[in-house]
Asker: 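Have a look at the structure that comes next, please.
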Protein chains: 2
Amino acid sequence: MIDFKAFFEITYGLYIVCSGDQNRGNGFISNTVFQVTSEPAKFAASCNKNNFTSEVIEKHGHFSVSVLHQNTESVTFGRFGFKSGKNFNKLEGMNVKYGTTGVPIILNDSLAYLECKVVRKIDVDTHWLFIGELVDAQMLDDNNKPMTYSYYRETKKGVAPKNAPTYIDKSKLDRLTESVKSGKHKCTVCGYIYDESKEEIKFSDLPDHWKCPVCAAGKEDFTEV
Amino acid sequence: MIDFKAFFEITYGLYIVCSGDQNRGNGFISNTVFQVTSEPAKFAASCNKNNFTSEVIEKHGHFSVSVLHQNTESVTFGRFGFKSGKNFNKLEGMNVKYGTTGVPIILNDSLAYLECKVVRKIDVDTHWLFIGELVDAQMLDDNNKPMTYSYYRETKKGVAPKNAPTYIDKSKLDRLTESVKSGKHKCTVCGYIYDESKEEIKFSDLPDHWKCPVCAAGKEDFTEV
């Protein structure tokens with residue numbers, strides 16, 4: 001039987017993949033960005049066909065990759081990882097630079113970025129693999145470490161959204177973890193579990209302004225499991 | 001101008017990608033293995049067209065991925081990362097398991113493995129991207145951490161071989177580092193630099209049985225730079 005724990009031994013970083021122009025842009029959090037050739041340097045980014053960003057990359061033919069650092073704020077995960085930009089502008093109020101191709105690049109919580117021109121779009125069933133030739137690459141912060149997917153899962157207790165290539169269905173994950181007991185409250189936005197047995201404060205005693213540590217959703221977005 | 005330092009902020013693991021059967025197999029060290037779809041689970045592996053393993057994967061239609069742990073021996077990097085298996089059997093003497101598809105799986109220095117059936121072969125110029133549907137996945141060692149590419153570079157002082165998607169030409173890397181001074185000896189097998197200014201022993205005083213800490217090449221494989 002396939003042991004899903006082995007999936008978590010594959011190492012990934014975490015990135016905001018972004019596309020569009022000055023009028024309208026959109027981005028999402030991805031862990032599957034990687035270099036595919038050295039000369040010329042080309043990078044691949046996997047994007048769910050249902051993600052609004054897929055549409056935007058197809059339209060504009062460019063994408064940027066912002067490398068998230070280890071101190072990335074929960075609100076960044078909430079905004080770019082668990083919400084769709086179809087009906088709201090995720091870039092509004094963010095620190096955005098426009099690259100040499102005009103593509104928006106998110107600078108918040110980022111330590112470096114890449115800017116790529118799409119040269120191939122490969123159909124891998126539920127996802128597109130966009131292959132981009134590198135146009136520009138810059139460092140933003142030499143004194144921070146990139147956030148890895150394992151750090152996000154283990155230290156920040158984060159989970160993958162449903163559209164991610166690395167998403168694992170809850171029924172499979174349950175086989176890996178203890179059966180769910182009372183005293184657990186689940187964030188309906190990102191899936192984070194507040195487990196009273198591991199916390200000092202009961203969920204009901206948390207202050208009203210308390211936010212989900214992963215996606216910054218409010219207390220009202222939690223349901224008891 | 002493109003800042004190549006940004007390339008090193010993309011996070012990767014390190015793996016032995018292997019193919020073949022009980023008669024003849026071959027494997028190489030890869031850092032570009034990643035999941036591309038969730039349901040069914042499919043993984044991509046990038047492989048230089050000149051790598052012997054590319055031929056073997058094409059012939060057999062399956063590949064295995066062994067996830068290397070942080071304590072991986074230098075000889076493993078030397079054997080699978082910097083030598084071609086065209087004229088010698090890399091699997092001889094190794095701890096090999098044959099998977100459900102008959103594909104060899106390297107168990108040395110590995111904490112988990114995946115076994116995949118190739119469903120697509122994508123041409124990305126110098127490299128093939130093999131897309132494999134997962135057949136099996138198993139944990140081998142729960143008490144170790146996966147080796148990351150940054151750990152390999154920063155702690156083990158390892159470099160990428162010429163066929164790797166993430167290889168950076170030395171003339172570009174030199175712009176990132178100090179200009180080369182006397183007292184530096186370079187491993188002609190893997191590119192590791194023994195820098196006397198950072199070591200307690202002069203290169204010429206090292207014992208004859210001393211080996212390159214990255215690829216285990218002998219002292220005679222070093223040249224002064």
Side-chain angles (χ1 to χ4, degrees), chain A residues 1-15 31-44 46 48 65 67 69 111-114 120 122-127 129 131 134-140 142 145-150 160 162-169, chain B residues 1-15 31-44 46 48 65 67 69 111-114 120 122-127 129 131 134-140 142 145-150 160 162-169:
Chain A
M1 201 178 81
I2 287 171
D3 185 345
F4 289 95
K5 273 189 290 183
F7 285 37
F8 294 129
E9 305 300 341
I10 308 294
T11 299
Y12 304 94
L14 282 168
Y15 314 94
N31 63 341
T32 46
V33 170
F34 44 90
Q35 194 169 351
V36 287
T37 62
S38 155
E39 200 61 54
K42 290 203 288 283
F43 289 81
S46 174
N48 194 294
V65 175
V67 182
H69 59 58
L111 55 76
Y113 69 82
L114 310 176
R120 288 279 300 281
I122 296 160
D123 186 342
V124 282
D125 304 331
T126 50
H127 288 68
L129 255 191
I131 310 285
L134 190 76
V135 175
D136 197 16
Q138 298 300 333
M139 289 297 297
L140 298 166
D142 276 312
K145 277 174 182 288
M147 169 84 86
T148 63
Y149 187 44
S150 63
K162 203 153 188 173
N163 278 354
T166 50
Y167 173 74
I168 298 182
D169 186 82
Chain B
M1 201 177 80
I2 287 171
D3 185 347
F4 289 95
K5 274 188 291 182
F7 285 39
F8 294 129
E9 306 299 342
I10 308 294
T11 299
Y12 304 95
L14 282 168
Y15 314 93
N31 63 341
T32 45
V33 170
F34 43 91
Q35 194 169 352
V36 287
T37 61
S38 154
E39 201 63 53
K42 290 203 288 284
F43 288 81
S46 174
N48 194 292
V65 175
V67 182
H69 58 58
L111 56 77
Y113 69 82
L114 311 176
R120 289 280 301 281
I122 296 160
D123 186 342
V124 283
D125 303 334
T126 51
H127 289 67
L129 255 191
I131 310 285
L134 191 76
V135 175
D136 196 16
Q138 297 300 332
M139 288 299 296
L140 298 166
D142 276 312
K145 277 173 182 287
M147 169 85 86
T148 63
Y149 186 44
S150 63
K162 203 155 186 171
N163 279 354
T166 50
Y167 174 75
I168 298 182
D169 187 81

Asker: Can you measure from NE2 (A/His127) to NZ (B/Lys42) and round to the nearest 0.5 angstrom?
Answerer: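 These two atoms lie 9.5 Å from each other.
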Asker: Evaluate the criterion ring pair (Phe, Tyr, Trp, His ring centres under 6.0 Å) for residue pair B/Phe7 and A/Phe43; output intermediate values, then yes/no.
Answerer: CA-CA 10 Å; B/Phe7 285 39; A/Phe43 289 81; 5.5 Å; yes
Asker: Chain A heavy atoms under 4.5 Å from B/Ala41: which part of the residue, side chain, backbone, both or neither?
Answerer: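 For B/Ala41, side-chain heavy atoms alone lie under 4.5 Å from chain A.
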Asker: State, to 0.1 Å, how close B/Gln138 and A/Met1 come at their nearest heavy-atom pair, and which atoms those are.
Answerer: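 Nearest heavy atoms, B/Gln138 then A/Met1: NE2-O, 2.8 Å.
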Asker: OG of B/Ser150 to NZ of A/Lys145: how many Å apart, nearest 0.5 Å?
Answerer: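 Answer for the OG-NZ pair, B/Ser150 versus A/Lys145, is 6.5 Å.
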Asker: Distance check, rounded to the nearest 0.5 Å: A/Asp125 atom CG versus B/Glu39 atom CD?
Answerer: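 One gets 11.5 Å once the value is rounded to the nearest 0.5 Å.
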Asker: Using a cut-off of under 4.5 Å for heavy-atom pairs, which of B/Leu114, B/Leu134, B/Val36 has the most such pairs with chain A?
Answerer: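 It is B/Val36.
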Asker: Measure B/Ser46 against the heavy atoms of chain A and call it side chain, backbone, both or neither at under 4.5 Å.
Answerer: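 Interface part for B/Ser46: side chain.
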Asker: Mind running side chain to side chain contact (heavy atoms under 4.5 Å, CB included) on A/Ile131 and B/Val124 for me, showing each step along the way?
Answerer: CA-CA 8 Å; A/Ile131 310 285; B/Val124 283; 4.1 Å; yes
Asker: If you count heavy-atom pairs under 4.5 Å between each of A/Gly13, A/Ala164, A/Ala6 and chain B, which one has the most?
Answerer: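 Answer, by heavy-atom pair count under 4.5 Å with chain B: A/Ala6.
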Asker: Give a yes or no answer on whether the side chain of A/Thr37 reaches the backbone of B/Thr126 with a donor-acceptor pair at less than 3.5 Å.
Answerer: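 No, A/Thr37 side chain to B/Thr126 backbone: no donor-acceptor pair under 3.5 Å.
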Asker: If I measure from the heavy atoms of chain A, does B/Asp142 come under 4.5 Å with its side chain, its backbone, both, or neither?
Answerer: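 Interface part for B/Asp142: side chain.
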Asker: Between A/Thr166 and chain B, with a heavy-atom cut-off of 4.5 Å, which part of the residue counts as in contact: side chain, backbone, both or neither?
Answerer: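 Contact with chain B is through both the backbone and side chain of A/Thr166.
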Asker: Measure the CG-CD1 distance between A/Leu129 and B/Ile122 for me, rounded to the nearest 0.5 Å.
Answerer: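 Answer rounded to 0.5 Å: 6.0 Å.
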Asker: Heavy-atom distances under 4.5 Å only: say whether B/Ala112 touches chain A with side chain, backbone, both or neither.
Answerer: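 The side chain, not the backbone.
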Asker: In Å and rounded to the nearest 0.5 Å, what is the OH to CD distance from A/Tyr149 to B/Gln35?
Answerer: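 A/Tyr149 OH to B/Gln35 CD: 8.5 Å, rounded to 0.5 Å.
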Asker: Heavy-atom distances under 4.5 Å only: say whether A/Val67 touches chain B with side chain, backbone, both or neither.
Answerer: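 Contact with chain B involves the side chain of A/Val67 alone.
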Asker: Counting only non-hydrogen atoms closer than 4.5 Å, does A/Asn48 touch chain B with its backbone (N, CA, C, O), its side chain (CB onward), both, or neither?
Answerer: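 For A/Asn48, there is no contact with chain B at all, as no heavy atom is under 4.5 Å.
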Asker: Once you round to the nearest 0.5 Å, how far does OH of A/Tyr113 lie from CD of B/Glu9?
Answerer: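 Here the interatomic distance stands at 14.0 Å.
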Asker: With a 4.5 angstrom heavy-atom cut-off, is it the side chain or the backbone of B/Ile10 that approaches chain A, or both, or neither?
Answerer: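 Both backbone and side chain.
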Asker: Do A/Thr11 and B/Tyr15 come within less than 4.5 Å of each other through their side chains, counting heavy atoms only?
Answerer: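 Side chain of A/Thr11 against side chain of B/Tyr15, heavy atoms only: contact under 4.5 Å found.
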